[in-house]
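Owing to the predicted nature of the structure, the values given are computational and were not obtained by experimental measurement. Below, chain A is the first sequence line, B the second, and so on; all start at residue 1.
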Amino acid sequence: MIDDWIPLDRGFFNRPVLEVAPELLGTVLCHDAGPDGVVAVRLTEVEAYGGADDPGSHGYRGQTPRNSVMFGAPGLLYIYFTYGMHWCANLVTGPVGSPSAVLLRAGEIVAGLSAARQRRPGAHADRDLARGPARLTVALGLTKQHNGLDTVAAGSPVRFGRSAIATERPAGTVLASARTGVGGDGAHFPWRFCLAGEPSVSPYKPHVPKRRNSVAP
DNA sequence: AACCGGATCGTCT
DNA sequence: GACGATCCGGTTG
């Protein structure tokens with residue numbers, strides 16, 4: 001278990017998403033699912049969405065039933081469904097009314113390894129358990145039931161914090177690059193942040209235009 | 001290690 | 001009716 005837990009409070013999350021996102025690297029996200037076990041992940045890769053004008057953000061075109069949690073309080077969990085089969089988890093940042101969130105893309109399992117393995121039977125290596133946003137969501141046992149959950153509320157089963165685990169493995173250099181899978185006008189935003197040299201960082205490369213052997217017309 | 005295709009459905013146009 | 005903030009397994013080099 002985690003003895004020396006220092007939770008991140010709402011004030012930490014109530015800041016611009018571009019400040020919160022890189023500082024989240026190296027912190028620990030923990031889910032206590034009760035009988036199914038406790039799993040904790042040390043975050044190694046995240047992406048920022050929202051802010052002033054971000055065409056890549058779900059909140060860019062205004063509030064809808066799907067993205068309404070993004071407009072809520074900092075510290076909420078925003079979990080959405082994509083590609084017909086995958087769930088992805090985000091942390092809402094900034095003040096109420098500003099649709100900003102950090103997509104949790106990858107991490108290293110630091111507690112509850114056996115429970116994480118059970119939830120991801122297909123994974124070949126432990127570093128793959130939470131490598132990628134949909135994988136991380138599964139390994140932690142997060143589902144659509146957790147959409148809108150307040151991670152700062154007393155007794156929340158999901159919470160962010162710092163611990164000796166993170167201190168023993170200090171966050172190295174933070175790298176910034178373009179966000180994975182984001183095209184269009186927001187494609188060039190260097191809002192993907194990861195820790196250098198981490199095996200658990202998602203291998204997927206940023207969106208690139210297709211190449212052909214022949215020369216363009 | 002890189003590349004491909006298939007799976008699969010909620011959400012907004 | 002189109003398209004995703006994706007993953008996996010197979011194939012090829």
Side-chain angles (χ1 to χ4, degrees), chain A residues 17-18 20-22 24-25 29 41 43-72 76-94 98-107 109 116-148 175-194 197-214:
Chain A
V17 67
L18 284 180
V20 177
L24 226 41
L25 295 175
L29 171 59
V41 161
L43 296 171
T44 56
E45 182 185 358
V46 299
E47 278 176 3
Y49 287 87
D53 285 300
D54 175 15
S57 169
H58 283 179
Y60 183 62
R61 302 188 185 273
Q63 191 167 355
T64 68
R66 178 209 202 188
N67 65 20
S68 61
V69 171
M70 279 187 85
F71 292 76
L76 296 187
L77 228 43
Y78 168 47
I79 297 181
Y80 70 89
F81 183 70
T82 190
Y83 287 103
M85 63 193 84
H86 293 303
W87 296 89
C88 295
N90 302 250
L91 169 71
V92 174
T93 68
S98 83
S100 300
V102 179
L103 172 65
L104 311 173
R105 289 195 57 86
I109 307 290
R117 286 175 181 149
Q118 276 193 319
R119 291 183 180 133
R120 298 216 52 238
H124 291 257
D126 287 344
R127 67 179 151 277
D128 294 330
L129 288 171
R131 184 190 223 196
R135 297 169 174 183
L136 181 146
T137 304
V138 170
L140 274 172
L142 299 177
T143 69
K144 66 177 176 185
Q145 316 270 26
H146 301 280
N147 189 35
L175 305 177
S177 60
R179 294 172 296 183
T180 299
V182 174
D185 294 334
H188 68 282
F189 290 34
W191 288 5
R192 169 180 179 256
F193 303 99
C194 66
E198 291 285 342
S200 60
V201 168
S202 152
Y204 295 109
K205 297 180 177 176
H207 175 269
V208 288
K210 287 187 178 180
R211 270 195 209 170
R212 293 285 149 150
N213 289 339
S214 57

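Here Y83(A) does not pack flat against the base of dA7(B), since the 5.5 angstrom centre distance and 30 degree tilt limits are not both met.
Side-chain atoms of Y80(A) and base atoms of dA5(C) include a donor and an acceptor less than 3.5 Å apart.
Side-chain contact check for T44(A) and S200(A): at least one donor-acceptor pair (N or O, by modelled atom type) lies under 3.5 Å. Using modelled atom types and a 3.5 Å distance limit, the side chains of S177(A) and R192(A) yield a donor-acceptor pair.
D185(A) contributes no side-chain N or O that, together with a main-chain N or O of P55(A), makes up a donor-acceptor pair within less than 3.5 Å.
Counting to the nearest Å, the C1' atom of dC9(B) and the NZ atom of K144(A) are 12 Å from each other. Residue M70(A) contributes atom CE, which lies 15 Å from atom C1' of dT11(B) at whole-angstrom precision. Distance, Y60(A) OH to dG4(C) P: 16 Å, rounded to whole Å. The distance from atom CG of N147(A) to atom P of dG10(B) is 15 Å, rounded to the nearest whole Å. Summarising the geometry, the separation between NE2 on H86(A) and P on dC8(C) is reported as 7 Å, rounded to the nearest angstrom. Spacing between atom CG of L104(A) and atom C1' of dA5(C) amounts to 12 Å, rounded to whole angstrom units. One interatomic measurement links the two molecules: CG of L91(A) to C1' of dA5(C), which rounds to 15 Å at whole-angstrom precision. N67(A) has its CG atom 17 Å from the P atom of dG10(B), to the nearest Å.
Because its NZ or CZ atom is not both nearer than 6.0 Å to the ring centre of Y78(A) and within 45° of the ring axis, R66(A) does not count as a cation-pi partner of that residue.
Residue-level contact check: G122(A) touches neither bases nor backbone, having no heavy atom under 4.0 Å from any strand.
Checked against dA7(B), dT6(C), dA5(C), the side chain of M85(A) finds its nearest nucleotide in dA7(B). Among dA5(C), dT11(B), dG9(C), the nucleotide with an atom closest to any side-chain atom of T64(A) is dT11(B). Among dA7(B), dA5(C), dC7(C), the nucleotide with an atom closest to any side-chain atom of H58(A) is dA5(C). Comparing atom distances between the Y78(A) side chain and each of dA5(C), dT6(C), dG10(B) picks out dA5(C) as nearest. Listed nucleotides dT13(B), dT6(C), dA5(C) differ in distance to R61(A); the shortest reach to its side chain belongs to dT13(B). If you check dT11(B), dA7(B), dC9(B) against the side chain of F81(A), the one that comes closest is dC9(B).
Using N1 to N3 plus N6-O4 or O6-N4 for Watson-Crick, or N1-O2 and O6-N3 for G-U wobble, each under 3.5 Å, dT11(C) pairs with dA2(B).
Proximity of R105(A) to the phosphate of dT6(C): a side-chain N or O atom is located under 4.0 Å from OP1 or OP2. A sub-4.0 Å separation between OP1 or OP2 of dC8(C) and a side-chain N or O of R120(A) is present.
Distance check, rounded to the nearest 0.5 Å: OH of Y49(A) to CG of L18(A) gives 12.0 Å.
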